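In this text, all values refer to a predicted model and were calculated from it rather than measured experimentally. Residue numbers begin at 1 in each chain, while the letters A, B, ... track the order of the sequences.
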Amino acid sequence: MIIELDYESETPIYLQLRNEIVRGIGSGQFKYGETLPAVRTLAKDLQVNTMTVSKAYNLLKQEGYIVTDRRHGAKVCPNRDESDEYRQKLEQEISLIASEAIVKGMDKEDFMTLCQNMLQTISFTSPRLKNQS
Amino acid sequence: MKWFVLGVMLFIEAVIYYQSKSDAAYREKRLFLISVPEYAYDSQEVKELCLGFKKESQRNYFLITLLALPTLFISGMIYLVYLMAWFVLLVIGANFAFRKYRRLLKELKREKQWIVIEDKKMHVDLKLSAYMEKAKTCWYLLAIPLSMDLALFGFGIYYKQTILVATVLIMIMILCVGSYFISRIANQTYTTDTDLNIQLNLARKNSYFMALFYVGCGDACFNLGLLILDKQFIAGLLCLGIAVCFMILMVSGLLSFYRLKERMIRLHEDKFYYQNVDEAWRIGLIGAVYDNPADPRTLIPSPNGMQMIFNAAKPGYRYFMLTVFVVIFVFFGYIFGYPYYLDQHHELAELTLTETTLHVDSPFYEHEWTLTSIEKIEFSDDLGEGFRVNGTDTGVYGKGHYRFDRYGDCEVYLASLHPSYIILYTQDGVYIVNDDEQEKTKAVYEQLVKKVE
């Protein structure tokens with residue numbers, strides 16, 4: 001999976017890295033159970049401090065996208081989160097994006113089409129979901 | 001000797017010429033280190049620029065070659081000064097044409113508004129990184145050149161061959177530091193295809209590693225060849241020949257990755273990423289320099305694709321260059337400065353005469369002759385015309401096998417700045433020796449004459 005980082009962007013590198021990995025999981029480029037590179041290796045390839053990569057991995061772990069193990073490193077293992085708290089957070093973020101889009105002049109139908117097209121690119125399914133279906 | 005020096009000068013000039021030509025060539029949508037789209041490269045204006053560059057570059061190098069010829073006819077201090085001035089001219093003048101045509105192409109690009117989409121983002125293939133963690137190089141092969149160097153180090157200490165010891169130590173350091181850096185080299189995301197990225201990165205790592213291995217073996221064979229050349233001529237020549245073969249293998253190894261990459265670009269051009277930051281490139285004293293503070297990479301592929309060069313914006317680059325200059329300074333200081341210091345303090349060479357032996361002792365050489373082995377003695381303050389066949393000559397001391405018109409083949413142990421010499425004709429051959437104090441040499445000679453007669 002190829003990630004893009006913009007070193008001149010105002011968004012911190014660890015956050016860009018976190019976002020790219022989440023997108024990769026969502027688009028199916030990172031399969032459930034797949035191993036991510038070690039912190040040192042990724043830091044060397046990104047030419048950043050190991051703390052930056054470590055921070056990104058810790059954030060992903062806290063948010064429930066990966067699990068880390070001293071022996072096996074980091075693995076893609078997203079947890080379901082159907083709590084009200086998470087739903088509220090999601091609603092707030094979607095509300096912000098939707099407001100920005102409408103205020104900037106986008107049609108509501110266009111916005112819905114855009115969201116549907118985006119969802120088409122998301123191909124992630126966890127093994128648990130597969131078993132349930 | 002002057003012909004040999006001229007040969008070396010022209011060889012260095014040829015290397016810089018081909019390096020400059022290679023950097024200026026159109027590769028990965030860059031010409032003269034300026035990003036240029038393919039349709040623009042095929043245009044008449046660019047063809048004229050390329051032709052102009054070729055003619056001017058060849059003319060400049062031809063003039064520099066002509067300026068090297070007077071070195072055959074001058075000597076002494078003027079020769080040394082002229083030599084240094086020629087090298088400065090080569091380094092500065094070699095890239096005149098490159099700089100000029102780069103500026104012209106930049107102006108043309110602006111005028112024609114050629115667009116090349118600048119890709120300033122960093123691409124990293126996470127699957128490549130995960131795969132390369134487990135990829136192993138044949139690091140154990142480095143044990144071969146390291147063992148050879150350690151053996152040569154032992155020989156150098158035993159035979160008091162200072163220059164051999166110094167060069168072997170430098171090579172051991174290069175092997176250790178080089179293998180460390182190659183193992184830590186950042187993986188490069190060349191394309192959108194992970195399998196292609198893995199193939200190219202494995203090839204790159206292996207080619208750098210094998211180049212280091214061949215350089216280590218070649219250097220060890222070269223030093224061994226020089227060490228045994230005067231005693232075992234055929235074996236010494238064989239070692240030198242093997243050293244040349246290793247150097248050829250090294251170049252071939254580096255070229256193999258370059259050729260693979262060129263082939264992959266031809267087959268999968270649409271998959272390759274091109275980073276086109278024109279302003280980050282400039283022409284330095286000895287070629288292309290990459291200076292981009294916004295690029296986090298310390299090492300980036302050189303324009304010709306064969307090696308990695310430093311991002312000059314990184315603090316690591318300054319430390320690296322400082323280390324290189326310090327090592328060179330210490331090396332030359334030890335080879336030339338330290339003997340000179342010893343000479344000034346009369347600690348360079350000590351000639352001692354006992355009841356039965358004549359002994360010469362120095363931090364760089366040592367020899368003893370029994371008085372019974374000496375058949376004839378002469379004293380001279382001018383050895384006449386001669387040259388070094390094998391050994392050391394730093395201008396402060398000389399040691400090894402020399403050939404003089406007056407004395408033929410000799411072994412010398414000389415403090416070169418003090419022209420008073422004792423010539424010993426022995427059963428083993430002719431030796432020339434002196435002390436670092438002329439009066440002492442003369443005094444030892446007079447005592448020696450009485451004892452031998």
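With a 4.5 angstrom heavy-atom cutoff, I185(B) touches chain A only via backbone atoms. Within the 4.5 angstrom heavy-atom criterion, only backbone atoms of Q29(A) (N, CA, C, O) approach chain B. Both the backbone and the side chain of S129(B) come within contact range of chain A, each with at least one heavy atom under 4.5 Å from a heavy atom of that chain.
The environment of CZ in F111(A) is crowded: more than 12 heavy-atom neighbours from other residues, nucleotides or ligands sit within 6.0 Å. The environment of CD in Q88(A) is sparse: at most 12 heavy-atom neighbours from other residues, nucleotides or ligands sit within 6.0 Å. Summarising the local packing, CZ of R87(A) is surrounded by 12 or fewer heavy atoms from other residues, nucleotides or ligands at distances under 6.0 Å. No more than 12 heavy-atom neighbours from other residues, nucleotides or ligands sit within 6.0 angstrom of CE on M112(A). By the neighbour-count criterion of 12 heavy atoms within 6.0 Å, atom CD of E107(B) is densely surrounded, having more than that number from other residues, nucleotides or ligands.
Smallest separation of non-hydrogen atoms from Q47(A) and A186(B): NE2-CB, 3.5 Å. When all heavy atoms are compared, the tightest approach of L42(A) to V124(B) is CD1-CG1, 4.2 Å. When all heavy atoms of P37(A) and E133(B) are compared, the closest pair comes out as C-OE2, 3.5 Å.
Side chains of D45(A) and L126(B) form no contact here, defined as non-hydrogen atoms less than 4.5 Å apart.
For K127(B) (side chain) and L36(A) (main-chain N/O), no donor-acceptor pair under 3.5 Å exists by modelled atom type.
The distance from atom CD1 of I3(A) to atom CG of D125(B), rounded to the nearest 0.5 Å, is 9.5 Å.
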Could you walk me through whether I2(A) and L128(B) pass side chain to side chain contact (heavy atoms under 4.5 Å, CB included), step by step?
CA-CA 9 Å; I2(A) 297 181; L128(B) 165 71; over 6 Å; no
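R40(A) is linked by a salt bridge (charged side-chain N to carboxylate O under 4.0 Å, His left out) to nothing, counting only residues two or more places apart in sequence or in another chain. Every residue two or more places apart in sequence or in another chain that forms a salt bridge (charged side-chain N to carboxylate O under 4.0 Å, His left out) with D291(B) is listed here: R282(B).
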